[in-house]
Amino acid sequence: RQRKKIPKRKDTSEKMLTKTNQADLPNVFDQQKEHDQLNHIKEEIGALAKKLAANGKEVLAQKGFSKEQQDIFEEMFQKCFVSTADTTTKLLPNEETYVFTGDIEAMWLRDSSAQVVHYLPFAKTVPQIGRMIYGLIKRQMRYIGIDPYANAFNEEANGHCWEKDDTDSNDWEWERKYEIDSLCYPLWLLHAYYEKTQDARVFSAETKTAFRRILDTWKTEQRHDVDSSYYFRRVNCPPTDTLSNNGNGEPTAYTGMTWSGFRPSDDACRYGYLVPSNMFASVVLGYLAEYASSQYKDDAMAKEALDLKNQIEDGIEAYAVRNVDGIGETYVYETDGYGHDVWMDDANVPNLLSMPWLGWCSPDDERYQNTRKWVLSSKNPFYYEGTAAKGIGSPHTPAGYIWHIALAMQGLTSADENEKTQLMKTLLTTDAGKRLMHEGFDSNDPEKFTRDWFAWANSLFALYAMEYCEL
């Protein structure tokens, strides 16, 4: 994603806008109060970053890192840790929080969740952090109620958009690329926040409505070709920026899995059953079922979620597992139910590399280890080895470009101390002197990179650093 001129969408449809409860938003609120509160959050996070960075620096010294590497880590950790709060966060009325993606003004459901992942351990002990995350969850649930098919939203219903696409959109939406993980991440964040804080305020009527929209959407998309009204057409763009087959995507057969139009990179799926995203959906459906029962006393919804979870898992088992010579049983990245597969892994999460981190399996799971072998090898067409680094890239960026997100995730899912150490050293030496993470960088020349400002990558580096240094 690159910054571009913002077009105004000409959209007269009121269908979805009637569901936004805009009347619930106060017309006036104390902007100075919100400004002061955000400054307080920044101060709290800045002090925390400084303390953690100093502790991490001591750990690196004990692990044998050079003085230069220690100094780089201290500065990089502080800048990455504060990035989301300092540069991408706004406090809104009704205790809501708007977290935009960085160099683009819109809020992605996926990115905004991942941008606060490193703050979650402090959500209870630092109340201001908890307030920020609670507000983000509240805002996300509102957006899902507006349209569960959209991946990115505006702060207001102002009609700003990435492109004037042919799809059933409205003025709240920056982009309406349907991605399963856009619905997974808010459920994942809600669960992680509640586990840490026991703050039951997140279980509002609006959250219950979001649960309903998610279930209905995923069930509909199990039979996308028959039951779904979703389409997406964009003109004068690369093939990966629109859906084939007149905006409907390639044909799929029923498998039990749920269909996705686009990947977490925002690139179009080649085949509609995106396996890592279905794994993620299975995990968060367990959370949805748990809260439908325990918080809303809705056992029918809980059963519906568990039934869907089981159908997705059965579909993965029946249609996404392959036996690779010399490796064993492994998973494919995409499939269509007709026997066509995509053999690759993408840097963006959820991906196959991230399975244990998502909660799909344990790190020592045999199929995961088999899959990890090939996605971190030349068998993955987007795995690159250069003179400066090796790791997973994406068709979303130039060939030979590795993503910092993928390096951090490789570390978060590794049990090998040597591998983890090498990944940390790579992260410290591929920032082009910015002391911040990028999207992708040239594996032979890290001075060449995409996106000077990418908060998701900053947050995942901070999380990996905290895990690696046991902070």
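Using a cut-off of 4.0 Å between Lys/Arg side-chain N and Asp/Glu carboxylate O, Asp216 and Arg212 are scored as salt-bridged. Between Asp266 and Arg110 there is a salt bridge, with a side-chain nitrogen of the basic residue lying less than 4.0 Å from a carboxylate oxygen of the acidic one. Classification of Arg176 and Asp165 as a salt-bridged pair fails, no side-chain N sitting under 4.0 Å from a carboxylate O. Salt-bridge annotation for Asp241 and Lys177: present, with a side-chain N of the basic residue lying under 4.0 Å from a carboxylate O of the acidic one. For Arg367 and Glu317, the salt-bridge test passes: some basic side-chain N is under 4.0 Å from an acidic carboxylate O. Taking a cutoff of 4.0 Å between a charged side-chain nitrogen and a carboxylate oxygen, Glu155 and Lys90 qualify as a salt bridge. A salt bridge links Glu175 with Arg234: the closest approach of a Lys/Arg side-chain nitrogen to an acidic carboxylate oxygen falls below 4.0 angstrom. Of the charged side-chain nitrogens involved, none lies within less than 4.0 Å of a carboxylate oxygen, so that Asp147 and Arg213 do not count as a salt-bridged pair. Glu366 has no carboxylate O lying under 4.0 Å from a charged side-chain N of Lys373, or vice versa, which leaves the two without a salt bridge.
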Leu190 and Thr207: CA distance, side-chain angles, deciding distance, side chain to side chain contact (heavy atoms under 4.5 Å, CB included) verdict: CA-CA 10 Å; Leu190 181 150; Thr207 295; 3.7 Å; yes
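Proximity of a side-chain donor or acceptor of Thr97 to a complementary backbone N or O of Met132 within less than 3.5 Å is detected. A donor-acceptor pair is defined here as one N or O able to donate and one able to accept, closer than 3.5 Å; no such pair exists between the side chain of Gln115 and the backbone of Ala455. Checking side-chain atoms of Arg263 against main-chain N and O of Glu179 turns up no donor-acceptor pair under 3.5 Å. Without hydrogens or angle criteria, Thr87 side chain to Ser83 main chain gives a donor-acceptor distance under 3.5 Å. Here the side chain of Asn245 pairs no donor or acceptor atom with the backbone of Asn248 at under 3.5 angstrom.
For the pair Arg201 and Tyr134, the cation-pi criterion (under 6.0 Å, within 45° of the ring axis) is fulfilled.
Counted within 6.0 Å of CD on Glu467, heavy atoms from surrounding residues, nucleotides or ligands total more than 12; the atom is thus considered enclosed. Enclosure of atom CG in Asn39 by more than 12 non-hydrogen atoms of other residues, nucleotides or ligands within 6.0 angstrom is indicated.
Between Trp357 and Trp188, the ring planes lie tilted relative to each other; the angle falls in the 30° to 60° range.
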